[in-house]
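For reference, the structure is listed below as C-alpha cells.
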Amino acid sequence: MMDVSNPIADVVPSAHGPVLAVLASTSTPLTGRAIAELTRPRVSQARVARILTELAETGLVDRTPAGAASLFSLNRDHVAASAVEALTSLRQQLWSRIAEHAGGWANPPDGVVVYGSAARGDGGTASDIDLLVIRPAEVGADDADWHANVTDLAARVTRWSGNPCEILDRSREELRAMAAAGERLLSEIRRDGRAIVGSISLVPASRAA
C-alpha cells in the first residue's frame, strides 16, 4: 500500500527518499541542516550529510561551497532527475487520476474532496484514501449509473495506490442536512480536506463547528 505521508518510500524505502523529496520540491540550494529539518519522516543531520555526499558523487545532486558550509540542489540535467520528481509527486498524480475519472462520468460530481490522513499527509501504508463525492442535484440517490461510477472509482483508487478507498457519497442537500445536525465530520473535511474537483466551499460548515 502507498505511504500517503511519504509516497516516495514505496520505491525508495531508505532515508534517501525523504532527502530526495526535499531536493525535488525546490530549486533553491539548501544546506544539509536545512534539508534535514525539512525531511518527513525526519532524518538526522548526520545521516543526511552522508546521503548528500553519496548523491553528489553520483552527480544527481550538485554541491556548491558556501563559506564553511555547502549548498545542495537536485541536478535537474541528470537523467534520473525526472524520475525523482515523478516519485515525489505521487499523491498529486493520484489526485489527477481521480479528477480525470470523475470528469468522464455521464453526470460528473459537483465536487470530489479527499479528506482524512491522505489529505493531511500524516498517514502511513495502512491509511485509507477517504473521498467525499458530491452528487449533482439531478442525480437520484438510487441512480444505477451513478453508483456504478462511484464503485468503479473506489476500486480504481485502490488499484492505483494499493490503499483501501472509502467514499462518502452525498448530495449538496444531504450535506446541508448533515451540517444542520451538527455532524463533526464536516468540520474535519472543511479543515483538512483537499478539493480535487470543485471547491471546498461546497462542504457546508457544521453548526457544531
Val61 with Leu71, same ILVMFWY side-chain cluster at under 4.5 Å: no
Polar side chain donor-acceptor pair, Asp145 to Trp105, under 3.5 angstrom: no
Leu175 with Val150, same ILVMFWY side-chain cluster at under 4.5 Å: no
Donor-acceptor pair, side chain of Ser187 and main chain of Glu183, under 3.5 angstrom: no
Ion pair check, Glu174 and Arg135, cut-off under 4.0 Å: yes
Atom CD of Gln92 with >12 non-hydrogen neighbours under 6.0 angstrom: yes
Donor-acceptor list for residues 47-54 side chains, cut-off 3.5 Å, not counting sequence neighbours:
residue, atom, partner, partner atom, Å
Thr53, OG1, Ala49, O, 3.0
Glu54, OE1, His16, NE2, 2.8

Check against side chain to side chain contact (heavy atoms under 4.5 Å, CB included), Tyr115 and Leu131: CA-CA 6 Å; Tyr115 64 96; Leu131 300 176; 5.6 Å; no
Closest contact, heavy atoms only, Val12 versus Gly17: CG1-N, 3.6 Å
Note, Leu90 side chain near Trp95 side chain (heavy atom, < 4.5 Å): no
Gap between atom OG1 of Thr28 and atom CG of Leu30 - 0.5 Å precision: 6.5 Å
Point-to-point distance, once rounded to the nearest 0.5 Å, from CZ of Arg207 to CE of Met178: 14.0 Å
Any donor-acceptor pair under 3.5 Å from Asn107 side chain to Val139 backbone: no
Hydrophobic cluster identity match, Leu87 and Leu55, side-chain contacts under 4.5 Å: yes
Approximate separation, where rounding is to 0.5 Å, of Arg120 CZ and Ser127 OG: 8.5 Å
Ile196 reachable from Leu202 in the ILVMFWY side-chain graph, under 4.5 Å edges: no
Neighbour count >12 (heavy atoms, 6.0 Å) for atom CD, Glu138: yes
Minimum side-chain heavy-atom gap Asn163-Val157 below 4.5 Å: no
Minimum heavy-atom distance Cys165-Ala154, with the two atoms named: CB-O, 3.6 Å
Heavy-atom donor-acceptor pair, Arg194 side chain to Ala118 backbone, under 3.5 Å: no
Close side-chain approach of Val197 to Pro108, heavy-atom, < 4.5 Å: no
Where Ala195 and Gly198 come nearest, the two heavy atoms and their spacing: CB-O, 3.7 Å
Pro29 vs Thr64 side-chain heavy atoms within contact, under 4.5 Å: no
Name of the residue among Leu23, Leu74, Leu20 meeting side chain to side chain contact (heavy atoms under 4.5 Å, CB included) with Glu85: Leu74
Audit row: Trp146, Asp169, side chain to side chain contact (heavy atoms under 4.5 Å, CB included) steps and yes/no: CA-CA 10 Å; Trp146 173 266; Asp169 172 16; 3.1 Å; yes
Side-chain touch Pro18/Pro41, heavy atoms, less than 4.5 angstrom: yes
Any residue meeting salt bridge (charged side-chain N to carboxylate O under 4.0 Å, His left out) with Asp62, in chain and number order, not counting sequence neighbours: none
Value rounded to 0.5 Å, distance of CG in Asp110 from OG in Ser199: 11.5 Å
Under 3.5 Å: donor-acceptor pair, side chain of Thr39, backbone of Val43: yes
Distance in Å, Thr31 OG1 paired with Gln45 CD, rounded so as to fall on 0.5 Å steps: 7.5 Å
Test item: Arg76 side-chain N/O and Ala24 main-chain N/O as donor-acceptor pair under 3.5 Å: yes
Side-chain donor-acceptor pair present, Asp152, His101, cut-off under 3.5 Å: yes
Arg42 CZ: over 12 foreign heavy atoms closer than 6.0 Å: yes
Where Ile129 and Leu94 come nearest, the two heavy atoms and their spacing: CD1-CD2, 4.3 Å
Side chain to side chain, Ile167 and Leu153, heavy atoms closer than 4.5 Å: yes
Nearest atoms (heavy-atom pairs only) where Ser206 meets Leu186: CB-CB, 4.4 Å
Side-chain donor/acceptor of Arg91 to backbone N/O of Thr88, under 3.5 Å: no
Minimum side-chain heavy-atom gap Val112-Ile134 below 4.5 Å: no
Interatomic spacing from CD1 in Ile98 to OG in Ser161 - rounded to 0.5 Å: 8.0 Å
Close side-chain approach of Asp130 to Val114, heavy-atom, < 4.5 Å: no
Minimum-distance pair of heavy atoms, taken over all atoms of Arg190 and Val203: NH1-O, 2.5 Å
